[in-house]
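Structure, as structure tokens:
Count residues from 1 along the sequence.
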Amino acid sequence: MLGSLEADQWSAPTDCPGWTVRDVAAHMLGMVEMAASVREQMRQTRTARQRSAGVFIDALTRCRSTSAPT
């Protein structure tokens, strides 16, 4: 499903205030990866803490959304 999105659809807003389609997809993928691997959970948590300037979940999502496909 995500593979069929056009480039402009990745930046479309969602029902989650302030989150784009890219952000939501990155969040979902990141949570699956985090649940599947303790090592990945530690890596994501460490990276999010380094980037955190507010809400932790937003920093955690930014870790993945910066590498989501365009």
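The distance from atom CZ of Arg46 to atom CD of Gln41, rounded to the nearest 0.5 Å, is 11.5 Å. Asp23 CG to Met28 CE: the interatomic distance, rounded to the nearest 0.5 Å, is 13.5 Å.
By the side-chain contact (heavy atoms from CB on, under 4.5 Å) test, Ser37 is found to be paired with Arg39, Glu40, residues two or more places apart in sequence or in another chain being considered.
In plain terms, the two heavy atoms of Val24 and Cys16 that are nearest each other are CG2-SG, 4.5 Å. Between Ala25 and Leu2, the shortest heavy-atom distance links the atoms CB-CD1, 3.9 Å.
Residue Val38 shares its hydrophobic cluster (ILVMFWY side chains chained together at separations under 4.5 Å) with Met42.
Two residues are said to be in side-chain contact when any heavy atoms from C-beta on lie closer than 4.5 Å; Thr20 and Thr14 fail this criterion.
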